[in-house]
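In the text below, chain A, chain B and the rest are named by the order of the sequence lines, each starting its count at 1.
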2 protein chains.
Amino acid sequence: MTAVQPASDDPAVAPSMNDVARRAGVSLGTVSHVLNKPEIVSAKTIARVAAAIDELGFVRNDAARSLAAGRSNTVGLILTDVGNSLFVDIARGAEGAASSAGRSLLLANSDVTFQKQESYLDIFDEARVAGIILAPLDAGLDGVDRVRRHGRNIVLVNYAGDRTDCCSVVVDEEHGGYLAATHLMDIGRSRLLFAGGPEDLHAVNARREGARRAVRERGNGVSLEVIPSRNLKSASGRSIARQLLDDGALPDGILAPADQLAAGLIHELTDAGVSVPGDVAVIGYDNNQFASEAAIPMSTVSQPGHEMGEEALRLLLDEIDNPRSHEHRRITLDPSLIVRRSTVSR
Amino acid sequence: MTAVQPASDDPAVAPSMNDVARRAGVSLGTVSHVLNKPEIVSAKTIARVAAAIDELGFVRNDAARSLAAGRSNTVGLILTDVGNSLFVDIARGAEGAASSAGRSLLLANSDVTFQKQESYLDIFDEARVAGIILAPLDAGLDGVDRVRRHGRNIVLVNYAGDRTDCCSVVVDEEHGGYLAATHLMDIGRSRLLFAGGPEDLHAVNARREGARRAVRERGNGVSLEVIPSRNLKSASGRSIARQLLDDGALPDGILAPADQLAAGLIHELTDAGVSVPGDVAVIGYDNNQFASEAAIPMSTVSQPGHEMGEEALRLLLDEIDNPRSHEHRRITLDPSLIVRRSTVSR
DNA sequence: CTGAAAGCGCTTACAG
DNA sequence: CTGAAAGCGCTTACAG
């Protein structure tokens, strides 16, 4: 049963459908039918072909298949940052939906780099994938037009700008900021700080405006200060904390637009002897994996990553399978508040 | 300049190399040469073809290219768990090396599921990728034989069992355990516990044996207890900690074979009023992203993920580009100790 | 340096 | 239900 390891100067070659046909004593087309439309083939023939496939260890050449069929069976997903567990959740959701639909899902990591995002769009375009799900950077959606012009189906996830000419799945970022601020006010905090985040990032802006609206609606006596930062990393959180400590005027509630940032803040504050949440309650954003593992588990706003990936794949498949009846739409999901000990001690 | 958005009932179609050839007034073969061997084409022709490509927005059909050339330009990387930042580092390393070699890298996440690992091996095999880098599960390497039999090049990373018939990049796990135990003894701990990990996991076993060797070599008066656990997750760490607290006999140094596990331990211990590292020093493994972000930053053993990915891709390219002279080899990299505050207070 | 032509391994109407 | 044949869009010797 065990195949002989081929000698190194006799490179192994995968058997072709022709080999299978010969072995099963049927024609090439029949083998193809067994693979693609078994319902039109007799049970006996299927069995013979299946046996031949098994014996030969045949795997279909997907390049030839895609070329002949004019489309591939795989779907590409381009993520902004695989280091952020939100995107990992999106990938998992999309993966599940893809495999139950009999499609393969290939990932690419743009690593928060616009040029890589564009390059992976081209790679998937060249590969003639059936469709692409893109978690785009704010930087621009030029590549989207480019690949769509080639007839490639594409769905945006997590951010979609104001595009309505393709499907998208986004989260109500404004509402997330609103939830976070409301929570801090609910637990009696009144001197709020929205800490960090580049001002040119759409998501950060929306979250900040949500927080502003919450304070406005709630009104009486609650203040909301804003301190921007270069990025959303932990070091930015630390430097904002040091700035606050130097100034000596601490807020009693901090909203950070990213868990990383919140972690840096909490870290630096507790190091300086400030009690979290006693003196300052801190809430993050994203519900990253480490948010629950931290020594002070972090309150945060959770995005439904799994559902985002699932929905995005579903929209994409509809576009692929029903090109005529498909209508582009935007699905907006709600974030949810997760309360842990960085805002409410036990 | 802006292309007209095609009407929805006139689906866009990517232009072919034939279209480019016609537009540039050259033959199909010449266009191909411009793309693949520009050094044998005159500058004037290159310019004409390049202009035509630009005007038409041509992208090469990679399915046709792979089919005609008999090989693809992309490399596949199958990761065990994109939720573990070690694998993200590996992916980044491989990505960098791939793109400087002009290759594209596609990712797949086996999600610690053997069946998914096998399925992605087949998908990459069907896609006739130039090669595969696999971070395999302990569960088995059957799939490796299967795809190699088809002539697919494959490199193992992070774990390779005892295979010598393909290239691999691994880390000296035993040495990692040795480093961790030595560190705990260096800071004066003598009642050590190796906490958690399924006993059938190769990496866990090796790390434990490394710790044993360190204790043995160091000798006098140091004890090393072992408590296994079902998995490497944070919940397992918590339950081990509760068990220790119930028994009332705490060790003064704990080695956990994963940061997640260590985080659960630290969490539960400090909740119970145990001082880390005062009463118990805890060291993790992997240097995951959150290890440095925790409120008590975690000492850990770091694996050189970036370098692992880079080396793996380098080995793979050598095998692809020099099939005759290539010799399989195993590269073993060293882990390194990272000391933070979960073992040494400031 | 350029062109004409065979062929890569499949899918898919079309006959039968 | 099965088979013969055209064709998908490229690459690559081979002539010139």
Sort by first number and list every stem of DNA chain D: at least 3 consecutive Watson-Crick or G-U wobble pairs, both distances under 3.5 Å.
C:1-3 with D:14-16, C:5-12 with D:5-12, C:14-16 with D:1-3
Return no unless some side-chain N or O of Thr30(A) is found under 4.0 Å from OP1 or OP2 of dG3(D).
yes
Residues two or more places apart in sequence or in another chain: which of them pass side chain to side chain contact (heavy atoms under 4.5 Å, CB included) with Ala68(A)?
none
Counterpart residues, salt bridge (Lys or Arg N to Asp or Glu O under 4.0 Å), relative to Glu319(A) (two or more places apart):
none
Per the salt bridge (charged side-chain N to carboxylate O under 4.0 Å, His left out) rule, what does the pair list look like for residues 116-138 of chain A, sequence neighbours excluded?
Asp111(A)-Lys116(A), Lys116(A)-Glu95(B), Glu118(A)-Arg146(A), Asp122(A)-Arg146(A), Asp125(A)-Arg152(A)
The salt bridge (Lys or Arg N to Asp or Glu O under 4.0 Å) partners of Arg329(B) (sequence neighbours excluded) come to none
Going 5' to 3' through nucleotides 6-11 of chain D and flagging B where a protein heavy-atom sits under 4.0 Å of the base, S where only the sugar-phosphate is that close, and - otherwise, we get -BBBBB
Selection residues 49-66 of chain B - residue pairs positive for salt bridge (charged side-chain N to carboxylate O under 4.0 Å, His left out), sequence neighbours left out:
Arg23(B)-Glu55(B), Asp62(B)-Arg65(B)
My understanding is that only residues two or more places apart in sequence, or in another chain, count here; which of them pass side chain to side chain donor-acceptor pair (under 3.5 Å) with Ser42(A)?
Thr45(A)
Can you list every salt bridge (charged side-chain N to carboxylate O under 4.0 Å, His left out) pair that touches residues 26-37 of chain A, not counting sequence neighbours?
none
Which residues, if any, of residues 41-49 of chain A bring a heavy atom under 4.0 Å of DNA chain D?
Val41(A), Ser42(A), Thr45(A)
With rounding to the nearest 0.5 angstrom, report the CG to CG distance, Asp145(A) to Asp165(A).
6.5 Å
Atom pair distance, as rounded to whole Å: NZ in Lys37(A) and C1' in dA13(C):
10 Å
Quick one: side chain to side chain contact (heavy atoms under 4.5 Å, CB included) partners of Asp19(A), sequence neighbours excluded?
Pro15(A), Ser16(A), Arg22(A), Leu56(A)
What residues, two or more places apart in sequence or in another chain, satisfy salt bridge (Lys or Arg N to Asp or Glu O under 4.0 Å) together with Asp81(A)?
Arg92(B)
